[in-house]
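See below for the structure under consideration.
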Amino acid sequence: MSRYIQAIRGMHDILPEAIALWHRVEDGARRIFASYGYAEIRTPILEVSELFKRSIGEVTDIVEKEMYSFTDRNGDSLSLRPEGTASCVRAAIEHGLLTQPQRLWYRGPMFRHERPQRGRYRQFNQIGVEVFGLAGPDIDLEIILMTARLWRELGLSGLRLELNSLGDTAERQAYRERLVAYLEGRREQLDAESLRRLQTNPLRVLDSKHPEMQEVIAAAPSLMDHLGAATRNHFEQLCHGLDRSGIPYQLNPRLVRGLDYYNRTVFEWITDDLGAQGTVCAGGRYDGLVEQLGGRATPAVGFALGLERLVELLSLAGHASEPAVHAYLIAVGEQAQAEAPLLAERLRDALPGLRLLTHCGGGSFKSQFKRADKSGAIDALVLGETELERGVIGLKPLRDESGQRELGFDELIELLGRRIGATN
RNA sequence: GUGGACGUAGCUCAGCUGGCAGAGCGCAGGAUUGUGGAUCCUGUGGUCGUGGGUUCGAACCCCAUCGUCCACCCCA
């Protein structure tokens with residue numbers, strides 16, 4: 001136990017030096033979702049536990065052992081949300097949003113009590129999209145194209161798209177029975193983990209990484225062979241659309257999402273650069289969920305992306321960010337220090353895009369210039385006795401050797417405006 | 001929840017067989033009393049994660065505990 005109080009295990013501070021990358025992802029997503037006409041929705045991070053049990057599934061790991069649940073003062077069981085879809089569906093039903101198609105997105109922290117490791121945290125941030133009331137492959141294609149556009153916007157190139165269809169509820173159920181029968185017949189070949197999955201979520205046996213399981217898995221009946229004509233057609237149309245859009249993808253018949261509510265189309269964007277937690281974005285259809293939660297039957301698709309993972313990818317790629325500060329105002333002498341805040345306000349009035357840091361705390365020219373340099377500012381603005389007497393402001397470029405100038409206020413505005421324009 | 005590695009200065013780390021707690025970077029000041037960065041000088045830095053045990057003596061060995069990382073599992 002440390003002497004100091006520390007952040008809770010698996011929950012991390014995001015420090016100022018990392019924030020620029022977060023903004024890049026968040027702003028990029030916001031801009032792109034807007035360009036497809038998606039509207040933001042914000043829901044509470046706390047819900048009644050029942051909501052997650054009924055949507056994610058009683059016997060999933062998330063609900064069984066990963067939820068932060070507690071009893072509140074009224075005796076109700078509440079849980080910090082482990083994912084965003086359930087809340088969105090709840091809100092859509094509650095506010096009668098389902099009378100027409102809805103394209104929604106959200107962002108925020110999610111909570112799962114797992115053992116932390118790279119790319120996996122107990123509090124983590126997701127941005128997600130949920131679309132209600134559209135049943136066709138066209139909307140599946142739209143949201144995948146939207147994610148692909150986001151990667152392009154962010155400059156991420158190493159992601160691969162994997163795709164599968166789980167069938168509709170009945171097809172999935174039928175296949176599940178076939179698969180269980182097959183696996184039961186080979187019990188002695190299954191490892192302990194797969195035996196457990198056989199009980200809880202048989203489809204996930206197909207997902208096993210165990211080397212000795214691969215042969216059993218390869219010989220298992222294929223989900224694709226159990227799809228009905230309608231489902232197959234839906235999936236083929238989606239693939240066709242992706243082909244025409246030039247988005248490369250891989251069919252992965254073993255791609256099975258862990259949450260119970262998925263059906264038909266499922267997809268994942270995966271990277272090899274983050275170790276074991278390589279899924280950066282995942283989603284699919286959940287046509288039965290709205291009805292299951294008491295709304296009228298409504299088809300739905302969505303996905304969620306993991307912000308921590310994307311930010312780490314960007315940080316590995318070493319993307320440079322624009323300067324946090326354009327200019328640093330230095331003031332030496334009593335009179336100049338009194339004048340500086342007023343000058344700074346006038347500058348901000350004149351140049352709304354200007355990021356200007358004003359030196360506080362006094363000190364010599366030398367120490368103030370040191371601060372100016374460390375702030376990362378492009379220019380130092382200098383106000384001393386000499387400048388006051390002459391009615392000018394000094395501008396000294398800190399990142400090039402073009403030399404210090406003395407400028408009147410209007411000249412300064414003009415020059416600064418040009419200089420910050422070049423960096424934005 | 002399971003397994004493994006690791007916790008020493010703000011950061012990255014060294015510290016031999018148990019014998020004075022170290023380096024680089026950073027930070028502060030100076031060389032330069034109106035000018036940052038490069039260089040040089042000086043200074044600041046520590047409950048060796050925490051608690052217990054063994055020992056004349058523990059950063060080092062033992063036990064426990066907390067944390068971090070990696071993998072399993074799970075998943076974004």
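Worth knowing before you read on, the calculation uses all heavy atoms, side chains too, and leaves out hydrogens, waters and symmetry mates. Each chain gets a letter, A, B and so on, in the order the sequences are listed, and its residues count up from 1.
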task: Looking only at side-chain atoms of A/Arg196, point me to the closest of B/G67, B/C73, B/C75.
output: B/C73
field: Contact under 4.0 Å: A/Arg371 side-chain N or O vs B/A28 OP1/OP2
entry: yes
- request: Decide if atom CD of A/Glu50 counts as having more than 12 heavy atoms of other residues, nucleotides or ligands within a radius under 6.0 Å.
  value: yes
task: Please measure how far the C1' atom in B/C40 lies from the corresponding atom in B/G57, and state the result in whole Å.
output: 42 Å
field: Per A/Arg120 side chain, nearest of listed nucleotides B/C73, B/U35, B/G36
entry: B/C73
- prompt: Between B/G1, B/C75, B/C69, which one does the side chain of A/Arg115 approach most closely?
  reply: B/G1
field: A/Gln335 side chain to A/Glu339 side chain, donor-acceptor N/O pair below 3.5 angstrom
entry: no
- request: Whole angstrom is fine here: how far is it from CD in A/Glu66 over to C1' in B/C72?
  value: 14 Å
query: Between which residue ranges does RNA chain B form stems of three or more consecutive Watson-Crick or G-U wobble pairs, both distances under 3.5 Å?
result: B:1-7 with B:66-72, B:10-13 with B:22-25, B:27-31 with B:39-43, B:49-53 with B:61-65
- request: Look at A/Arg9 and B/U68 and indicate whether a side-chain polar atom (N or O) is within less than 4.0 Å of OP1 or OP2.
  value: yes
task: Give the intermediate values and the outcome of side chain to side chain contact (heavy atoms under 4.5 Å, CB included) for residues A/Leu356 and A/Leu329.
output: CA-CA 7 Å; A/Leu356 173 66; A/Leu329 176 57; 4.2 Å; yes
- request: Return the nearest nucleotide to the side chain of A/Gln6; candidates are B/G3, B/G30, B/G67.
  value: B/G67
- request: Look at A/Arg107 together with A/Glu40 and state whether they make a salt bridge at an N to O cut-off of under 4.0 Å.
  value: no
- line: Closest to the side chain of A/Asp373, out of B/G37, B/C72, B/G67, is B/G37
query: Does the side chain to side chain contact (heavy atoms under 4.5 Å, CB included) test come out yes or no for A/Tyr182 and A/Val216, once each step is laid out?
result: CA-CA 10 Å; A/Tyr182 166 83; A/Val216 184; 3.8 Å; yes
task: Taking all non-hydrogen atoms of both residues into account, name the closest pair between A/Leu190 and A/Leu183 and its distance.
output: CD1-O, 4.0 Å
task: Classify the nucleic acid contact of A/Val332 as base, sugar-phosphate or nothing, counting any heavy atom under 4.0 Å across all strands shown.
output: nothing
- prompt: Of all the choices, B/U32, B/G1, B/C75, which nucleotide is nearest to the side chain of A/Thr279 once you look at every atom?
  reply: B/C75
- request: Please confirm whether A/Lys374 makes a cation-pi placement over A/Phe369, using NZ or CZ under 6.0 Å from the six-membered ring centre and within 45° of the ring normal.
  value: no
- request: Pick the C1' atom in B/G46 and in B/A9, then give their distance to the nearest Å.
  value: 6 Å
task: Mark yes or no: A/Arg346 above the aromatic ring of A/Phe409, with NZ or CZ under 6.0 Å from the six-membered ring centre and no more than 45 degrees from the axis.
output: yes
- request: When you get a sec, tell me which of B/C75, B/C72, B/G36 is the closest nucleotide to the side chain of A/Lys370?
  value: B/G36
- request: Look at the side chain of A/Gln277 and decide which nucleotide, out of B/C73, B/G36, B/C69, has an atom nearest to it.
  value: B/C73
query: Counting just side-chain N and O atoms, does A/Lys396 come under 4.0 Å of either OP1 or OP2 of B/G36?
result: no
query: Would you say A/Lys374 reaches B/C27's phosphate, i.e. side-chain N/O to OP1/OP2 under 4.0 Å?
result: yes
query: Say you pick atom C1' in B/G24 and the same atom in B/A64; how far apart are they, in whole Å?
result: 35 Å
task: May I ask you to evaluate whether A/Arg309 reaches the phosphate of B/C75, defined as a side-chain N or O under 4.0 Å from OP1 or OP2?
output: no
side-chain N/O A/Gln117 vs B/A71 OP1/OP2, d < 4.0 Å: yes
task: State which of B/U35, B/G36, B/C73 makes the closest approach to the side chain of A/Phe365.
output: B/U35
